[in-house]
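Before we start, here is the structure in question, set down as structure tokens.
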2 protein chains.
Amino acid sequence: MTESKRAATVRDVARLAGVSPGTVSKALNGVGQLSPDTRARVHEAAAALDFQPNHSARSLASGRTFTVGVITSDSFGRFTIPVMLGIEDSLAAGRVSTMLCDGRGDPVRENQLLERLINRQVDGVVVTGRRRDPRPSLGEVPVPVIYVLSESLDPADLSLTYDDRQGTELAAHHLLSTGRRSLAYVGGPERHLASRLRREGVERALAAQGLELDPDLALYGQWSETWGRSAATIVLRSGHSVDGIVCASDQIARGVLDGLRELDVQVPHDIAVVGFDNWEVMVEGARPLLTTVDPHLESLGREAATRLLSAIQGDEPLEGGVITRGCELIIRDSA
Amino acid sequence: MTESKRAATVRDVARLAGVSPGTVSKALNGVGQLSPDTRARVHEAAAALDFQPNHSARSLASGRTFTVGVITSDSFGRFTIPVMLGIEDSLAAGRVSTMLCDGRGDPVRENQLLERLINRQVDGVVVTGRRRDPRPSLGEVPVPVIYVLSESLDPADLSLTYDDRQGTELAAHHLLSTGRRSLAYVGGPERHLASRLRREGVERALAAQGLELDPDLALYGQWSETWGRSAATIVLRSGHSVDGIVCASDQIARGVLDGLRELDVQVPHDIAVVGFDNWEVMVEGARPLLTTVDPHLESLGREAATRLLSAIQGDEPLEGGVITRGCELIIRDSA
DNA sequence: GAAACTTACGAAACCGGTTTCCGTCTGTGT
DNA sequence: ACACAGACGGAAACCGGTTTCGTAAGTTTC
């Protein structure tokens, strides 16, 4: 099918339309001064020959590649994927392709990849990673760069991320507004920023009602189900009559649910549980279905791509700073 | 840093080395007849200027882009990612980049993406998808194509996939060799090839011992935990004294484990359970830790890339057929 | 009816490498 | 001393678009 000897070039089109190659370029790109008639003839000829401009040639001449690089420090994990989808979705519309690179969390490797992307003349770069913790900047790069999820340490860079604090605040607020009074927070490792921010969200919601989070009930551990199960026991044995638990991830929440069930606690009757991530697999397998916070990663990816694109087109650099988007609470059966 | 005005070109290097641009190209690419001395001088000059050949120009002239396209019909789901990682891993070594496209399972969109990749002159294409079921061929494509996971319906294409049958055969064999006699199989939807093949594996292992799979104990359902939980009940109520269950996925297995626990069945003492996929999240959250079949998706991706690469370099087309790789049983605590 | 603009398009340079072809220089054989 | 092969490296064409610039024809202006 796509085998007609050799692809048509702009000269072939020119010959068929009876114009010069330069004119073909102008007609097809809608630039220059051309009579409507000529323009039409060229388009016709191009269509007849199924002309597809050679991408390399176009890039070479114009300096633009219609390609953006995506560097992830995570190995396309659960967090990167929705972001990628959003990016793809938004870029595909502009006929821009993405070149995906996995930095494996190694800054050296990351820099090599960046070199390579620059060398390939990408029009822009998206940097993303699993962690919410700030990451080192890529430094001076000749094309626009936007950081997603993991914000850049350099305030001159533009970062786009979601609001951890607001997320759990939403969750805790929901618990409080449905009559719960004594909340616990089960986080991941304390060294992770996300763990600490999410705790703050719970504290803020409590403070708004004149309540506070008992230090005994603010637990740090791992991002795993196993930890969630242990945490459930710890909370129950704490002596406090907890009636709501905000978890820092759906995995933890799932562990908590399992732990509670084993201890014959009714969810949500006795204790309500909220997760974080809205990770389908976890949410679906959980019993009862997990109420959780959705950080809308895909739309974050879409926005990142859109901003990057306009920076590329407008040629004005992205202005630095951190843009934070809100999360949404998805209410199901566990709270 | 990478801001030294304008990137060095082959002419800059030529001037510094006191040779002609053509000679620089030859020296750097190790072709042509050049004295060792000249070669060295050019390399030195290139290093001094931190010369990076312009990718578009190189592609334009040589016809090769050092880029392969990856089209996934799955939205970078759980199955595609390990494959992608393998591909990346294997290609990065050859300084080849990957261009990722998500076909969303829509053949029309898929074809547009392919057009775009061809137009961008990719050197080769990898097609992958979540489903094991065969998929339509992309048809005539001017570059090598390899299908991974979802094999192509056209026997003239080269497909690379894993052996579902052998996977569950391994699992069932393990159960039998540890003294289990009465096995059940809990599959996904019957319309999915994977479900049927995995059942056959169980049957083969049983047949090897002169046993067979009772039709009552070969269950089809969904790829979900919920289904696994139901299936556990169905198996127990079947009246057969089952002592081993082979599940078609880790999610199902996890549901089965939960179901059994609720019915006070001891795993693996009373019933042994084996999953399929070796999906870390599921395996880790399961209690007891899940014994499961690992299809080694990442190495499948690596092999696909390697084959593609050699086809690209050797210029001989890939010979058609389906290559099937074996799975490995990962023994943990559930069987 | 000439000057002053416009409009429409082609010629050619250009982007930055690769590759072919050919001339020169050196060394060898007679 | 002369022919000849082989090694070396330069000039220039080439890949396939884009873009600048110049000019011929057509239109307005006075």
Side-chain angles (χ1 to χ4, degrees), chain A residues 4-43 45-46 49-67 95 116 118-123 142, chain B residues 4-43 45-46 49-67 95 116 118-123 142:
Chain A
S4 50
K5 220 77 252 161
R6 205 177 46 77
T9 75
V10 66
R11 335 241 166 205
D12 298 328
V13 177
R15 200 173 316 121
L16 183 58
V19 296
S20 76
T23 303
V24 171
S25 173
K26 288 170 205 156
L28 262 24
N29 292 312
V31 299
Q33 308 259 48
L34 262 19
S35 77
D37 176 56
T38 307
R39 229 173 259 281
R41 271 214 325 287
V42 171
H43 274 101
L49 292 158
D50 189 28
F51 170 72
Q52 300 281 110
N54 176 303
H55 193 83
S56 307
R58 181 195 285 249
S59 310
L60 178 57
S62 69
R64 282 202 51 187
T65 51
F66 291 88
T67 302
R95 304 191 51 72
R116 213 143 100 192
I118 297 303
N119 171 240
R120 278 173 182 259
Q121 316 257 107
V122 294
D123 297 331
Chain B
S4 49
K5 219 77 251 158
R6 205 175 46 75
T9 76
V10 65
R11 335 241 167 207
D12 299 328
V13 177
R15 200 171 319 121
L16 183 58
V19 297
S20 77
T23 303
V24 171
S25 174
K26 287 172 207 157
L28 262 25
N29 293 312
V31 300
Q33 308 258 48
L34 263 16
S35 76
D37 176 56
T38 308
R39 229 173 260 282
R41 269 211 330 285
V42 171
H43 273 102
L49 270 56
D50 188 28
F51 169 72
Q52 300 282 109
N54 177 303
H55 193 84
S56 307
R58 180 195 284 248
S59 313
L60 178 57
S62 69
R64 284 202 49 188
T65 51
F66 291 88
T67 303
R95 304 191 52 72
R116 214 144 99 192
I118 297 303
N119 171 239
R120 279 173 181 259
Q121 317 256 107
V122 294
D123 298 331

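Every heavy atom of this structure was used, including side-chain atoms; hydrogens, water molecules and symmetry mates were not. Just so it is clear: chains get the letters A, B, ... in the order the sequence lines come, proteins before strands, and each one is counted from 1.
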Atom pairs under 3.5 Å, N or O on each side, protein against nucleotides 24-28 of chain C: can you list them with distances?
none

Answer whether the closest heavy-atom distance between the side chains of A/Thr65 and A/Arg120 falls below 4.5 Å. no

Residue pair A/Asn54 / A/Thr9, side-chain heavy-atom distance below 4.5 Å: no

Looking for any heavy atom pair under 4.0 Å, which part of the strands does A/Val31 touch: base, sugar-phosphate only, or nothing? nothing

To the nearest angstrom, the CZ-P distance between A/Arg39 and C/dT7 comes to 13 Å

Scanning both residues in full, the closest heavy-atom pair of B/Gly63 with B/Asp123 reads O-OD1, 4.3 Å

Look at all strands and tell whether A/Ser59 reaches a base, only sugar-phosphate, or nothing, counting heavy atoms closer than 4.0 Å.
-> nothing

Here the distance between atom P of D/dT19 and atom CZ of A/Arg64, to the nearest Å, is 11 Å

Separation between CD (B/Gln121) and OG (A/Ser56), nearest 0.5 Å, reads 5.0 Å

Whole-Å distance, B/His55 NE2 to C/dT18 P, equals 11 Å

Separation of D/dT18 atom P from A/Leu28 atom CG, nearest Å, is 8 Å

Heavy-atom closest pair (A/Thr23 atom, A/Leu34 atom, distance to 0.1 Å) is O-CD2, 3.9 Å

The reported gap from OG1 in B/Thr67 to NE2 in A/His55 (rounded to nearest 0.5 angstrom) is 9.5 Å

A correct 5'-to-3' footprint of nucleotides 11-17 of chain C, with B, S and - meaning base, sugar-phosphate only and no protein heavy atom under 4.0 Å, is ----BBB

* Side-chain donor or acceptor of A/Arg11 paired with backbone N/O of A/Pro21 under 3.5 Å -> no

Taking every heavy atom of B/Asp12 against every heavy atom of B/Ala7, the minimum-distance pair comes out as OD2-O, 4.1 Å

B/Arg15 CZ to D/dG10 C1', in whole Å, measures 16 Å

Rounded to whole Å, the CG-C1' distance (B/Asp37 to D/dG9) equals 13 Å

Are the side chains of A/Arg58 and A/Asn29 in contact, using a 4.5 Å heavy-atom criterion?
yes

